[in-house]
Amino acid sequence: MNLNLNNKLPREFYVRDTLTVARELLGKIFVRILDGKILAGRIIETEAYIAGEDESAHSSRGKTKRNATMFEEGGLLYVYFTYGMYYCSNVVTNEKGKGDAVLLRSIEPLEGIEIFAQNRFGKTEITGKEKRNLLSGPGKICMAYKLTKAEDGTDLLGDEIFILDASTVPENKMVQTTRIGISKSKELPWRFYEKDNPYVSRK
DNA sequence: ATCAAGATTACCT
DNA sequence: GGTAATCTTGATA
């Protein structure tokens, strides 16, 4: 896998309309340099959470200690803890003070697969089925990339965690549908994924 | 101080 | 398809 680590998405990519960013993040490469090793995968499923109109966004009732990162400038990583055992990662979008973010729901593993496997299953040799299960969910992504509360607020324009530009998924290969695992604002069609990609978290 | 819900996952039938 | 696991957070008193 030959990745150009200098090809980071610029600040302007993130500081835009949240639904546009959620769409355009599909196909981009999410990277973490951990202990000198490269962990990388292709983002293939996202969900938008937008303050104000969206009852299920953490930011919908204003700023709190937990969601403070959502109100920062676009291009930061928002990580939160849920269900007593899992973390979920989001990309903050739009201008400072807005409270918008895009949840990373599924990633197709590209590089550092043995490390992902170690972090997820405690072993480095995995089957094809296990490979499809590596990063196919927001909690799984955090386990595999070792993202926790400590990474909340990390700037994606820094040199530890960042997203590389790559070709955008075309409209005819993109599916837009309702979001998963929420109880409020269920009707909003703010989930996006790449059609026919075997790593999608759920149909 | 108390309490219910939660942007999930793994494992069971 | 169903549900247990596990605990922080935000809302209410």
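Computation of the quantities below employed the complete heavy-atom set of this structure, encompassing side-chain atoms and omitting hydrogens, waters and symmetry-equivalent molecules.
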Rounded to whole Å, CZ of A:Arg61 lies from P of C:dT9 at a distance of 17 Å
Using a heavy-atom cut-off of under 4.0 Å over every strand shown, decide if A:Tyr49 touches base, sugar-phosphate, or nothing.
base
### Message
Just to be sure I understand the rule, does A:Ile182 reach a base, reach only the sugar-phosphate, or reach nothing, if contact means heavy atoms closer than 4.0 Å?
### Response
sugar-phosphate
From CG of A:Leu134 across to P of B:dT9 the rounded distance in Å is 13 Å
DNA chain B nearest-nucleotide lookup for A:Lys184 and A:Met143: closer to the 5′ end is A:Lys184
Of the listed B:dT9, B:dG6, C:dG10, the closest approach to the A:Thr82 side chain comes from B:dG6
Using the six-membered ring for Trp and the full ring for Phe, Tyr or His, decide whether A:Tyr80 stacks on the six-membered base ring of B:dA7 (centres under 5.5 Å, planes under 30°).
no
Ring-ring centroid check A:Tyr80 A:His58, cutoff 6.0 Å: yes
To the nearest angstrom, the NZ-P distance between A:Lys129 and B:dA10 comes to 12 Å
In whole angstroms, the gap separating C1' of B:dA7 from NZ of A:Lys140 amounts to 15 Å
_Over all strands shown, is A:Arg179 touching base, sugar-phosphate only, or nothing at heavy-atom distances under 4.0 angstrom?_
nothing
When rounded to whole Å, the CD1 to P distance for the pair A:Ile141 and B:dA7 reads 16 Å
State whether A:Tyr49 and A:Arg179 meet the cation-pi test: NZ (Lys) or CZ (Arg) under 6.0 Å from the six-membered ring centroid, and within 45° of the perpendicular axis. yes
Tell me whether A:Ile161 shares a hydrophobic cluster with A:Val91, the cluster being built from Ile, Leu, Val, Met, Phe, Trp, Tyr side chains joined at under 4.5 Å. yes
note: A:Phe121, atom CZ; B:dC11, atom P; distance rounded to Å ~ 10 Å
Applied to residues 1-36 of chain A, the ring-ring contact (aromatic ring centres under 6.0 Å, His included) test, sequence neighbours excluded, yields A:Phe30-A:Tyr145
Applying the 3.5 Å cut-off to both distances, the Watson-Crick or G-U partner of B:dT9 turns out to be C:dA4
Mind checking if A:Arg202 touches a base, just sugar-phosphate, or nothing, with heavy atoms under 4.0 Å?
nothing
Rounded to whole Å, CG of A:Asn133 lies from C1' of B:dA10 at a distance of 9 Å
Assign each of A:Tyr83 and A:Lys149 the nucleotide of DNA chain C bearing its closest heavy atom; nearer the 5' end lies the nucleotide of A:Tyr83
Practice item. Using a 4.0 Å heavy-atom cut-off across all strands, classify A:Ser56 as base, sugar-phosphate, or nothing. Key: base
(message) Once you apply a heavy-atom cut-off of 4.0 Å, does A:Gly84 come out as touching a base, just sugar-phosphate, or nothing?
(response) base
Notebook entry, point to check: Do A:Val31 and A:Leu164 come within less than 4.5 Å of each other through their side chains, counting heavy atoms only?
Noted result: yes
Quick note, A:Arg120 side chain, CB onward, closest among B:dT9, C:dT8, B:dA7 is B:dT9
To the nearest angstrom, the NZ-P distance between A:Lys63 and C:dG10 comes to 13 Å
Q | Short side-chain N/O contact from A:Ser183 to OP1 or OP2 of B:dG6, under 4.0 Å | A | yes
Check your understanding: Any stacking of A:Tyr86 on B:dT8, going by centres under 5.5 angstrom and planes within less than 30 degrees?
Key -> no
Item checked: A:Arg32/A:Glu151 ion pair, N-O < 4.0 Å -> yes
